[in-house]
Number of protein chains: 2
Amino acid sequence: MKNKAAPHITVAIDCIVFGFDGSDLKLLLVKRGFNPEMNKWSLMGGFVNEDESVDDASTRILNKLTGLHGVYLEQLHTFGAVKRDTTERTISIAYFALIDIAKYKQQLSHDYHAEWFPIKNVPSLIFDHDAMVEEAKKRLQYKAALHPIVFELLPEKFTLPQIQSMYDAIYEVNFDKRNFSRKLLSTGLLIKLNEKDKAGSKKGAFYYMLDKEKYNENLYKIFSLIITPDHLQFL
Amino acid sequence: MKNKAAPHITVAIDCIVFGFDGSDLKLLLVKRGFNPEMNKWSLMGGFVNEDESVDDASTRILNKLTGLHGVYLEQLHTFGAVKRDTTERTISIAYFALIDIAKYKQQLSHDYHAEWFPIKNVPSLIFDHDAMVEEAKKRLQYKAALHPIVFELLPEKFTLPQIQSMYDAIYEVNFDKRNFSRKLLSTGLLIKLNEKDKAGSKKGAFYYMLDKEKYNENLYKIFSLIITPDHLQFL
DNA sequence: AACATTAAACGTTATTTTGACGTTTAATAG
DNA sequence: CTATTAAACGTCAAAATAACGTTTAATGTT
């Protein structure tokens, strides 16, 4: 099939930005600043330029809002219904990002009116953005079942109760804290520090960090956290 | 950001078609019929029309070559490097399909010169099609770890040695046949038939089929097939 | 200083699952 | 009737599991 007759379509990028603040999983939304659907909550997005790859475009767009570099960013799914945008035919390549909220600099929020929402309390969004968020949540569940990517949501040092809170939020279940802790520590992925975080209890919880040297050989062990039927409801 | 200034880009579909013939996992390739790269092996593809969604486009393109309906088709990844196509800027939305080769009607192969290749013996492909195949293999490994989608590669009735052969091919390992069989049967996903397939041995192997009634409640159990470190090398 | 309180840490137990592997069986060929 | 072959059936010690209880560290109050 020759290329010349092929239609040309506008290609957009939409970003589903997940953040964790130490106790809750959150989603970053922006107020749309123009018609149609002005002033409604939306995912952050933009268009792909002619001289950049779609991955470069998504990095540029994400950096423009958050000011962050080196954020975990993964392509999710391309949404391509004919009438998904009311102005003209547009396909959107959706990416999801994982951000430690403590690292997020809010310097751009006056430009975009960006705001974090708890994942359980997301307002209705424009176009197919609701569907994008659902798809991203599901992808996160799949990915986190077999890969420790959710550590991208944590700061360099974190506690066991914090990690568990994050897993509880992602899978929408309550893991047994004794079994969760035993299994996670048995993966060999963590280094225990001598400092404690006293914010959550009187005793204080030990800080941990990822053992980068053993990461590659132990990362597959993360699956053992989720093998109980209750934790596999997302399938 | 307003839409009017956004560039328009050609949007293509490329299909990675996996098939299983009862003993080997295979990939369907076509000989490219026009320049550039005429007569070289390539994935099957086409362009998205203005009046169809990307999912409809992929179904149309796949049906055009294979003649099959109801084929398992899943969006894989959008490839969007600037110069991935030498004629003009094109992004490609890659899908992978799973086909039972016995159902495949070769009526189109004179149009496209389509041919099955064993997954371990794939020739070099045009553009970024090699990367698409690698990405699809990895996605299949991820997906099959948590979901019994690979049954889409099997006929209605299949044997235990056939399923294992398929898993061995997907994960590039040799599962222990006694443990594999015990675990798979313990999922409750299969119904044992009274017929035997005598092609592979003198005793003959019992046929099984999927228990559709118990599918939803048992599908998560498929993960138990792959929890040994050797089987998780794809992570 | 003593006591109360709280969440984190440490732990127990019966059951289930696991990997590694051997043996028996069904059916065909000679 | 015997030999052969792959499928089916199985054993076993070790490891992991879910469910849950107890102890500890540290702070606040009296």
Side-chain angles (χ1 to χ4, degrees), chain A residues 22-23 145-146 154 157-168 171 173-209 218 220-233, chain B residues 22-23 145-146 154 157-168 171 173-209 218 220-233:
Chain A
S23 71
L146 290 168
L154 294 167
K157 296 189 287 189
F158 44 82
T159 67
L160 293 176
Q162 280 177 331
I163 305 176
Q164 176 172 349
S165 186
M166 192 178 68
Y167 269 85
D168 287 354
Y171 289 103
V173 297
N174 290 313
F175 286 86
D176 181 274
K177 58 177 172 263
R178 296 143 300 194
N179 293 333
F180 183 88
S181 172
R182 171 169 54 74
K183 289 180 180 181
L184 180 57
L185 293 176
S186 80
T187 64
L189 283 165
L190 305 183
I191 297 175
K192 188 178 185 181
L193 305 178
N194 280 330
E195 305 161 60
K196 281 190 166 184
D197 168 26
K198 305 241 179 117
S201 74
K202 299 207 168 120
K203 182 169 177 174
F206 282 105
Y207 278 113
Y208 289 81
M209 57 191 294
N218 287 335
Y220 74 90
K221 292 179 180 176
I222 214 72
F223 81 89
S224 73
L225 295 175
I226 53 80
I227 62 176
T228 222
D230 290 342
H231 308 148
L232 289 162
Q233 290 309 311
Chain B
S23 71
L146 290 169
L154 294 168
K157 296 190 285 188
F158 45 82
T159 67
L160 292 176
Q162 280 178 331
I163 306 177
Q164 176 173 349
S165 186
M166 192 177 68
Y167 269 85
D168 287 354
Y171 289 102
V173 296
N174 290 315
F175 286 86
D176 181 275
K177 57 176 172 264
R178 295 144 301 194
N179 293 333
F180 184 87
S181 173
R182 169 164 55 76
K183 289 179 180 184
L184 181 57
L185 293 177
S186 81
T187 64
L189 283 164
L190 303 183
I191 297 175
K192 188 177 184 181
L193 304 179
N194 279 330
E195 304 161 60
K196 281 191 166 184
D197 168 26
K198 305 240 179 115
S201 74
K202 298 204 169 121
K203 181 169 177 174
F206 282 106
Y207 278 114
Y208 289 81
M209 57 192 293
N218 287 334
Y220 74 90
K221 291 179 182 177
I222 213 72
F223 82 89
S224 73
L225 294 174
I226 53 79
I227 61 176
T228 223
D230 289 343
H231 307 148
L232 289 161
Q233 289 310 311

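Protein chains get the first letters and strands the later ones, always in sequence-line order, with residue 1 at the start of each.
- Separating the CG atom of A:Leu184 from the C1' atom of C:dA9 is a distance of 14 Å, rounded to the nearest angstrom.
- One can place CG of B:Asn174 at 15 Å from C1' of C:dG19, the figure rounded to the nearest angstrom.
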Report all side-chain donor-acceptor pairs from residues 189-197 of chain B shorter than 3.5 Å, counting only partners two or more places apart or in another chain.
residue  : atom : partner  : partner atom : Å
B:Glu195 : OE1  : B:Lys157 : NZ           : 2.7
B:Glu195 : OE2  : B:Lys157 : NZ           : 3.0
B:Lys196 : NZ   : B:Lys203 : O            : 3.3
B:Asp197 : OD1  : B:Ala199 : N            : 3.0

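- Contact annotation: side chain of A:Arg182 to base of D:dA16, donor-acceptor pair absent below 3.5 Å.
- A close approach under 4.0 Å does not occur between any side-chain nitrogen or oxygen of B:Lys192 and OP1 or OP2 of D:dA8.
- At whole-Å resolution of the value, NZ in A:Lys177 and P in C:dT6 are 14 Å apart.
- Contact annotation for A:Lys183: backbone-only contact, meaning every heavy-atom pair under 4.0 Å involves sugar-phosphate atoms and none involves a base.
- Separating the CD1 atom of A:Ile226 from the C1' atom of D:dT17 is a distance of 14 Å, rounded to the nearest angstrom.
- For A:Lys203 and C:dT6, a side-chain-to-base donor-acceptor distance below 3.5 Å is absent, hydrogens and geometry of angles not being considered.
- Positionally, the nearest nucleotide of DNA chain D for B:Lys202 lies more toward the 5' end than for the other of B:Phe206 and B:Lys202.
- Rounded to whole Å, atom P of D:dT5 lies 18 Å from atom NZ of B:Lys198.
- Along DNA chain C, the nucleotide closest to A:Ser201 and the one closest to A:Asp176 are compared, and the more 5′ of them pairs with A:Ser201.
- From A:Tyr208, atom OH reaches atom CG of A:Leu185 across 5.0 Å, with rounding to the nearest 0.5 Å.
- By the side-chain hydrogen bond (donor to acceptor under 3.5 Å, both in side chains) test, B:Lys183 is found to be paired with no residue, residues two or more places apart in sequence or in another chain being considered.
- One interatomic measurement links the two molecules: CG of B:Asn194 to C1' of D:dA7, which rounds to 16 Å at whole-angstrom precision.
- Going from atom CG of B:Asp197 over to atom P of C:dA27 covers 13 Å, rounded to whole Å.
- Taking the six-membered ring wherever Trp is involved, the centroid distance between the rings of A:Phe223 and B:Phe223 does not fall below 6.0 Å.
- Taking 3.5 Å as the limit, the base of D:dG21 and the side chain of A:Arg178 contain a donor-acceptor pair of atoms between them.
- Straight-line distance from the CZ atom of A:Phe223 to the P atom of D:dA16: 10 Å, rounded to whole Å.
- Within 4.0 Å of A:Ser224, counting heavy atoms only, lie sugar-phosphate atoms of the nucleic acid but no base atom.
- In this structure, A:Tyr171 and A:Phe175 have perpendicular ring planes: the angle between them is above 60°, well past the 30° mark.
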